[in-house]
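Working notes, structure below.
All figures in this text were calculated on a predicted structure; none of them were measured in a lab.
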Amino acid sequence: MAETIFSKIISGEIPCHRVYEDEQVLAFLDIFPLSEGHTLIVPKEPAETLDKLSDQASAAIGRVLPLLCRAVMQVTGATAYNVLQNNGEAAHQAVRHVHFHIIPKYDQASSHESGGLGIGWPAKKLDPERGKTLAQQLADAVGS
């Protein structure tokens, strides 16, 4: 995997505003936040997309993600938040190293700007027959 800004932050070559660190995970403030408290969580294991990340590194992120969400909510006073994780250029992944965003959302009465993540969700209806086939194919792929 090519070196990224996140691998340079993990190695200490580039400074960051650290929020949390253990042997497998580093969390720090985004320097281009969508809202105050916007935090990034990255595995120290180099992997471009989530499907390429080891089970151990994935479990480490899963263990600390709720802890970090609680901390962001407590400290910022946000009323809600988004957790965002993109995989691949077509999915808007800007840095080719697995990372999760915790993006606080604030209500209009808050002293914070109301920023945060804006989402369009052009939902479609799932055809029942296609759903049955697709669900079985996916279950077979994961070994259920």
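Smallest separation of non-hydrogen atoms from Pro43 and Ile10: O-CD1, 3.5 Å. Considering all non-hydrogen atoms of both residues, Ser35 and Pro104 come closest at OG-O, 2.6 Å. For the pair Gly37 and Thr39, the tightest heavy-atom approach, listed with the atom from each and the gap, is O-OG1, 2.7 Å.
Under the 4.5 Å side-chain heavy-atom criterion for ILVMFWY residues, no single connected hydrophobic cluster contains both Val42 and Val64. Criterion: ILVMFWY side-chain heavy atoms under 4.5 Å apart, direct or through other members. Under it, Val98 and Phe6 are not part of a common hydrophobic cluster. Under the 4.5 Å side-chain heavy-atom criterion for ILVMFWY residues, no single connected hydrophobic cluster contains both Leu40 and Leu65. Clustering ILVMFWY residues whenever any of their side-chain heavy atoms sit less than 4.5 angstrom apart, transitively, puts Val75 in a cluster other than the one holding Tyr81.
Taking Thr133 as the reference, Arg130, Gln137 meet the side-chain contact (heavy atoms from CB on, under 4.5 Å) condition, with sequence neighbours excluded. With sequence neighbours excluded, the residues that form a side-chain hydrogen bond (donor to acceptor under 3.5 Å, both in side chains) with Glu89 are Arg96. Checked against side-chain contact (heavy atoms from CB on, under 4.5 Å), Arg70 has the following partners two or more places apart in sequence or in another chain: Pro66, Leu67. With sequence neighbours excluded, the residues forming a side-chain contact (heavy atoms from CB on, under 4.5 Å) with Thr49 are Asp51, Lys52, Asn87, Gln93, listed by chain and number.
Aromatic ring centres of His101 and His99: separated by under 6.0 Å.
A 4.5 Å side-chain heavy-atom check between His38 and Ile102 finds every atom pair outside the cut-off. Side chains of Phe100 and Ile61 form a contact here, defined as non-hydrogen atoms less than 4.5 Å apart.
Between the side chain of Ser7 and the backbone N or O of Glu3 there is no donor-acceptor pair closer than 3.5 Å.
Rounded to the nearest 0.5 Å, atoms CD1 (Ile103) and CD (Glu36) are 14.5 Å apart. Note that the CD atom of Gln136 and the CG atom of Leu138 stand 9.5 Å from one another [nearest 0.5 Å].
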I'd like a table of donor-acceptor pairs (distance under 3.5 Å, sequence neighbours excluded) in which one partner is a side-chain atom from residues 13-29, with atom names and distances.
{"residue": "Arg18", "atom": "NH1", "partner": "Glu21", "partner atom": "OE1", "Å": "3.3"}
{"residue": "Tyr20", "atom": "OH", "partner": "Asp22", "partner atom": "OD2", "Å": "2.8"}
{"residue": "Glu21", "atom": "OE2", "partner": "Lys44", "partner atom": "NZ", "Å": "2.8"}
{"residue": "Asp22", "atom": "OD1", "partner": "Gln24", "partner atom": "N", "Å": "2.8"}
{"residue": "Asp22", "atom": "OD1", "partner": "Val25", "partner atom": "N", "Å": "2.8"}
{"residue": "Asp22", "atom": "OD2", "partner": "Arg63", "partner atom": "NH1", "Å": "3.4"}
{"residue": "Asp22", "atom": "OD2", "partner": "Arg63", "partner atom": "NH2", "Å": "3.0"}

Point to revise | Leu53/Glu45 under side-chain contact (heavy atoms from CB on, under 4.5 Å): CA gap, chis, key distance, verdict | key: CA-CA 8 Å; Leu53 193 63; Glu45 175 184 305; 3.4 Å; yes

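Among residues at least two apart or in separate chains, there is no salt bridge (charged side-chain N to carboxylate O under 4.0 Å, His left out) pair with a member in residues 119-129.
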